[in-house]
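This is a predicted model, so every value here is computed, not measured. One-based numbering, in listed order, for ligands and for the atoms of each.
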Amino acid sequence: MARRRRRCLKVFIIVFVGLISTYILLPPQKIENKAPTFSREQMLHCSKLGDQIVAMKSLTRIHNLTEFFLEVKELMSCPWTSNLTQQLMDLHTKCNASGMLFVTRENTLLGQRLTYEAQRKSTKLVDKKLYSMLPKAAPWGTSRELGHCAVVGNGGILKNSSCGAKIDTADFVIRLNLAPVDYISDVGAKSSLVTVNPSQVTESFNGLCNERQPFVDKAAAHGNAYLAISPFSYVVSTDLSFRIFYTMKEMRPQQGVHYIHPDYLLMLDRYWRKGGEMGSRLSSGFMLMSVALELCAKVDLYGFWPFDKDLSQRPVSHHYYDNVPAKQGVHAMPMEFLKLMSLHRQGVLQLHVGECQ
Ligand SMILES: *[C@@H]1O[C@H](CO)[C@@H](O)[C@H](O)[C@H]1NC(C)=O
Ligand SMILES: *[C@@H]1O[C@H](CO)[C@@H](O)[C@H](O)[C@H]1NC(C)=O
Ligand SMILES: *[C@@H]1O[C@H](CO)[C@@H](O)[C@H](O)[C@H]1NC(C)=O
Ligand SMILES: *[C@@H]1O[C@H](CO)[C@@H](O)[C@H](O)[C@H]1NC(C)=O
């Protein structure tokens with residue numbers, strides 16, 4: 001009897017010491033990881049605010065920008081948790097950025113015809129000349145291999161944001177319309193892929209008809225980032241895009257030009273239009289955001305802000321590098337922004353508005 005009691009005590013002591021040492025060696029993670037504390041009321045408020053934003057399907061609710069900005073500000077200070085949902089699997093099967101973003105020899109045959117994305121009655125024959133410009137395959141393989149991505153929009157909200165260092169922590173940085181990278185502390189220096197807008201090359205570089213060096217220099221500011229252009233949205237862009245391709249091939253061969261596939265753009269447009277009202281065309285920022293959702297493990301967005309005032313009602317320029325307004329009526333930026341906020345709320349991506357710490 002006494003022996004059994006002693007043995008029991010021994011077992012008890014071993015278990016007790018075991019538990020204590022486990023506790024000392026491995027303190028409970030929950031206590032360690034507790035983020036800035038939010039009260040129950042705050043969490044409820046965040047959740048309500050989030051639901052409200054996710055439910056917003058149109059602009060009609062934004063009749064008072066002051067109120068809307070207050071909501072955005074509050075939402076941005078709410079805790080954010082990642083949640084890569086079913087929706088993204090859907091995006092991959094419906095749009096297939098990994099295989100279809102660029103025209104390649106893997107997704108296009110010599111002799112086939114490409115239908116223009118915005119001019120559906122026009123087609124372009126994939127002749128020997130065009131085929132010779134195509135890479136064998138996309139520069140990346142399967143989904144998510146690009147790791148942590150930052151998509152940097154050109155909004156004036158980036159001015160004085162001090163977001164540069166944070167942007168540069170991403171593995172892969174996507175930029176738009178050959179935006180300048182000379183405001184390093186605000187926009188960062190890294191560039192892995194940058195879009196080129198054909199109309200921008202017509203307006204700022206005279207369509208590469210005379211001097212080509214200024215364009216090459218502008219591209220070179222992005223290091224060896226892939227240049228992405230859409231030659232098959234409008235017929236008028238095709239020859240210009242080819243000129244860009246040959247210019248880079250001749251003067252800066254290490255920086256390749258890739259052609260965005262018109263079918264990819266079409267699929268993407270159908271995909272996002274299902275979710276509610278959008279402008280007549282998706283903006284290139286929205287398009288690249290969608291590419292990133294497929295190819296990256298984590299997506300952060302900076303410089304997406306379609307309003308002319310910041311969250312504290314201070315005036316904001318159109319771009320961080322100039323104040324030239326975009327053409328009216330083409331893109332529905334505020335609608336797109338609403339969608340981005342909803343994706344932020346759902347944990348699909350993380351939107352950054354205003355200053356970075
Ligand atoms: C907009 O909302 C703010 C904050 O609630 C309020 O002070 C302001 O009067 C409103 N403005 C208009 C035009 O309704
Ligand atoms: C993640 O998203 C899915 C689909 O929207 C949702 O059903 C689920 O509750 C979310 N999970 C968390 C932890 O929020
Ligand atoms: C994506 O496109 C590539 C290249 O055309 C193809 O091999 C792959 O099967 C496609 N994947 C899906 C999910 O459609
Ligand atoms: C940015 O900071 C500079 C210098 O600190 C200041 O002169 C300028 O007004 C600021 N711009 C904005 C948009 O806040």
Residue list, ring pair (Phe, Tyr, Trp, His ring centres under 6.0 Å) with Phe102, at least two apart or on another chain: Trp140, His258
How about Tyr131 and Arg105: do any of their side-chain heavy atoms sit closer than 4.5 Å? yes
Counterpart residues, side-chain hydrogen bond (donor to acceptor under 3.5 Å, both in side chains), relative to Asn224 (two or more places apart): Arg252
Going by atom types only, do Thr202 and Ser199 share a side-chain donor-acceptor pair under 3.5 Å? no
Have a look at Phe337 and tell me which of Phe304, Phe69, Phe307, Phe286 forms a ring-ring contact (aromatic ring centres under 6.0 Å, His included) with it. Phe307
Distance dump, ligand 3 polar atoms to protein, N/O, under 3.5 Å:
{"from": "ligand 3", "atom 1": "2 (O)", "to": "Asn96", "atom 2": "ND2", "distance (Å)": "2.3"}
{"from": "ligand 3", "atom 1": "11 (N)", "to": "Asn96", "atom 2": "ND2", "distance (Å)": "2.9"}
{"from": "ligand 3", "atom 1": "14 (O)", "to": "Asn96", "atom 2": "ND2", "distance (Å)": "3.3"}

Sequence neighbours left out, what pairs pass salt bridge (Lys or Arg N to Asp or Glu O under 4.0 Å) with at least one residue falling in residues 173-200? none
